[in-house]
Amino acid sequence: MSIARFWRETPRRYNLGGSKCTICGTVYFPPRAVCPTCPHHRETLEKMVPFQLVGDGEVVSYTVVHDAAEGFEMQVPYVMALVKTVEGPVLTGQIVDVEIPEVVIGLKVRATLRKLREEGKAGVIHYGYKFTPALDSDVRPPARGPAVPAESGALPASDRAPA
Ligand SMILES: [Zn+2]
């Protein structure tokens with residue numbers, strides 16, 4: 001991919017710019033030109049507006065990657081997760097700054113801009129979003145009942161035998 005093309009396509013990627021249907025309120029990322037949720041798609045063509053996702057969400061599914069794609073070998077093992085954002089869209093992203101066993105379904109995370117990879121000797125650096133665990137102070141109070149403790153009896157990282 002050329003640098004020019006990369007930067008043309010970049011802003012909506014790391015800014016998490018999606019679109020929102022002003023008829024039914026559904027948010028999409030990547031942005032969509034029409035709303036597939038509304039019964040009459042064509043009527044939504046002029047009703048979609050740009051919408052910025054805040055990047056907060058929680059892990060709804062994850063997998064530990066041991067066989068990395070080319071260019072990501074140095075990062076294995078790492079966690080790829082499906083993150084359901086507070087606005088609704090589910091994003092795929094790497095979870096970073098966390099011990100792998102600490103990644104659980106329901107883990108609160110926040111999107112952050114990170115270096116994805118470096119290309120060749122010219123050192124073209126590609127950026128994109130990854131997710132980091134959200135700080136306790138960032139987590140909104142639960143809407144109902146006490147929060148489910150994230151602890152699952154796992155030992156602290158320092159007590160685990162090396163993999
Ligand atoms: Zn709609």
Side-chain angles (χ1 to χ4, degrees), residues 1-65 67-72 75 77-98 100 102-117 119 124-150 152:
M1 184 188 295
S2 73
I3 295 173
R5 181 176 158 216
F6 175 76
W7 284 109
R8 268 201 310 277
E9 295 181 357
T10 292
R12 85 171 184 212
R13 281 183 160 170
Y14 69 71
N15 287 328
L16 296 178
S19 63
K20 182 177 185 175
C21 172
T22 56
I23 298 176
C24 72
T26 305
V27 174
Y28 298 96
F29 181 87
R32 304 189 68 137
V34 296
C35 178
T37 304
C38 282
H40 305 292
H41 304 176
R42 301 290 301 174
E43 291 176 11
T44 66
L45 195 51
E46 303 296 317
K47 303 291 184 184
M48 304 299 288
V49 295
F51 186 88
Q52 188 72 30
L53 278 71
V54 296
D56 285 359
E58 67 175 55
V59 173
V60 293
S61 180
Y62 66 92
T63 185
V64 179
V65 178
D67 296 308
E70 193 181 339
F72 293 86
Q75 299 182 38
Y78 60 88
V79 180
M80 287 299 289
L82 295 179
V83 173
K84 184 170 175 57
T85 59
V86 291
E87 296 90 351
V90 175
L91 310 183
T92 303
Q94 186 179 351
I95 310 291
V96 294
D97 299 346
V98 66
I100 288 175
E102 292 170 10
V103 177
V104 294
I105 303 296
L107 177 71
K108 298 284 191 291
V109 293
R110 167 160 293 180
T112 178
L113 181 63
R114 289 294 172 88
K115 179 172 127 179
L116 292 183
R117 61 198 165 89
E119 210 167 76
V124 177
I125 300 173
H126 292 186
Y127 290 92
Y129 63 81
K130 294 184 180 183
F131 292 96
T132 60
L135 300 173
D136 284 348
S137 56
D138 292 336
V139 177
R140 297 170 184 79
R144 39 167 181 37
V148 177
S152 58

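Numbering of ligands and ligand atoms starts at 1, following listing order. On a predicted model such as this, the values are computed, not experimentally measured, just so you know.
Taking the side chain to side chain contact (heavy atoms under 4.5 Å, CB included) definition, one finds that P39 meets it with nothing, sequence neighbours left out. Applying the salt bridge (Lys or Arg N to Asp or Glu O under 4.0 Å) test to E87 and every residue at least two apart in sequence or in another chain returns nothing.
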Walk me through whether F131 and V98 qualify under side-chain contact (heavy atoms from CB on, under 4.5 Å). CA-CA 10 Å; F131 292 96; V98 66; over 6 Å; no

Using the side-chain contact (heavy atoms from CB on, under 4.5 Å) rule, take V65 and Q94 through it: C-alpha gap first, then chi angles, then the decisive distance, then the call. CA-CA 10 Å; V65 178; Q94 186 179 351; over 6 Å; no

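V79 pairs with exactly one of T63, L107, V103 by the side-chain contact (heavy atoms from CB on, under 4.5 Å) rule, that one being V103.
Legend: protein N/O/S atoms lying under 2.8 Å from the Zn ion (ligand 1), waters omitted, number 4.
Annotation: salt bridge (charged side-chain N to carboxylate O under 4.0 Å, His left out) contacts involving residues 19-28, sequence neighbours excluded, are absent.
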